[in-house]
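One structure is given here, and the rest of the page talks about it.
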Amino acid sequence: MTDRYASFVQSAAGRALVKRLGLPDPPRLRRHSPGDPLLPGPALLGAGAGGRLADPVARILTDAGVELADPSATANLTETPQRYGALLFDATGITDSTDLRQLYDFFHPQARAVLPSGRVIVLGTPPLQCPTTREATAQRALEGLVRSIGKEFGRGVTAQLVQVTRDGGATGTLTSLESTLRFLLSGRSAYVSGQVIRVGASGASSPVDWNRPLDGQVVLVTGAARGIGAALARVLARDGARVVALDVPAAGDALAAVANDIGGTAVQLDLTAPDAPTRLAEHLAGRHGRVDVVVHNAGITRDRTLGRMDADRWDQVIDVNLSSQERINDVLLERELIPAGGRIVAVSSIAGIAGNRGQTNYATSKAGVIGLVDSLAPALRERGISVNAVAPGFIETRMTARIPLVVREAGRRMNSLAQGGLPVDVAETIGWLAWPASGAVSGNVVRVCGQSLLGA
Ligand code: NAD
């Protein structure tokens, strides 16, 4: 589905009209192509006194080929102001609300200096890990700053808070944080903004080639015949994965086309069939001997307000979107087909966070997916398997094409980027969570919603 308004706004006539009438102005977002530099310009890295992350972050940035700007040179500039691809601030030294002034001092002079589709990243400590209530309070305050910058800077600039646990030490932090920084700085995270991402201390390994971060990994994608699932299969294959693409037999032709295109295999299976988990487990065991990454993407909507909803609509949605995921996880885990270092990524929705009129069944199932992540992630930590969810907002697919025009247009614009996301935006985010290098990211629900106002 195309966003005609966004295309119009990119034209000369469109630009003039948008300016005159103060209409929403969706920027063209920077999206990833293999070989792209991580950022469109240099990064400015600041740190408060006592911060523990500035050194590892500087190492990660230089290793990734990012030019680090010299803050003192910036202060002395008088003529052409410097423009940055990213502003990063290590706020882990902030232990009291009075220290928050450091953030103002760093960001205020640079508020107009970020290039279009640039990045703002604040690094902090998870409040629950802070030794004093004052520190926990100040660390929690960082969320408000980041979320407001996401709404304020415009032009496709995104802002995130990355909370890094203390227990990794400098070397542990380097490995655990690298994949997340690379993802957030790159065009892969084009439609992710206003997020708080928790990074743990261990479980990650660096790929040999960051252009193929999934090299050799066996990845199952459910619902792969179209929409987000088809984009996912393509992105994961591009990143080096061997993709097992699954969908219902009725979507067999489209599924085969996707699988052929990427050199993957196709599995025609209705996930709600009673024998689906065992048939899938047998297929994976026989063909590959394991599955490194399981992506539960298949999902359906059967919308009605609760009073008008028949029991079938309720049952189908809960079964496809939630119960089938549980049954498949159980069998794959019982048979130890997901090895140490494995990944489970489930697709939730902002409806599961905010609720939605006419979607009690869907929102229940998608909130359940978040519950699954919350409960399974700690249970699987010992086995070295990470579990995360993405919660897409308005994504341009057949699912959203069915929404009535006025509601659809409102859904598209009610976010900080004033546009709907593309299936590839969800796919890139799932890809990052699936990388072997992202093992320190578990138990997160990352919204891919352009910082939607719904459930914010
Ligand atoms: P889609 O309808 O385009 O694709 C879903 C795919 O899942 C289809 O190919 C379908 O055949 C498959 N599927 C459905 N039931 C199945 C079953 N029983 N067994 C096997 N496969 C089955 O949807 P989409 O927009 O690409 O959405 C993908 C996921 O993202 C879903 O979980 C959806 O809830 C979620 N999501 C989408 C949006 C959005 O804006 N499009 C927003 C939030 C969440």
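The figures here come from the full heavy-atom set of this structure, side chains too, leaving out hydrogens, waters and symmetry mates. Since the structure is predicted, the reported quantities are computational estimates derived from the model, not experimental observations.
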Going by an N to O cut-off under 4.0 Å, is there a salt bridge joining Arg313 and Asp310? yes
Charged N-O contact under 4.0 Å between Arg59 and Glu178: no
Could you check whether Asp270 pairs with Arg279 (Lys NZ or Arg NE/NH1/NH2 to Asp/Glu carboxylate O, under 4.0 Å)? no
Of all residues at least two apart in sequence or in a different chain, which pass the salt bridge (Lys or Arg N to Asp or Glu O under 4.0 Å) check with Arg287? none
Less than 4.0 Å between a side-chain N and a carboxylate O, is that true for Arg31 and Asp425? yes
So which pairs with a foot in residues 296-335 pass ring pair (Phe, Tyr, Trp, His ring centres under 6.0 Å), sequence neighbours left out? none
Can you pull the ring pair (Phe, Tyr, Trp, His ring centres under 6.0 Å) pairs that have at least one residue in residues 181-213, sequence neighbours excluded? Phe183-Trp432, Trp210-Trp435
Has the side chain of Gln419 got a donor or acceptor atom that lies under 3.5 Å from a matching backbone atom of Pro27? yes
Listed by chain and number, what are the salt bridge (Lys or Arg N to Asp or Glu O under 4.0 Å) partners of Arg147, not counting sequence neighbours? Glu143
Asp253 meets the salt bridge (Lys or Arg N to Asp or Glu O under 4.0 Å) criterion, sequence neighbours left out, with none
Just to verify, what does Arg381 make a salt bridge (Lys or Arg N to Asp or Glu O under 4.0 Å) with, not counting sequence neighbours? none
In terms of heavy-atom contacts, Ser386 and Leu433 come closest through OG-O, 4.4 Å
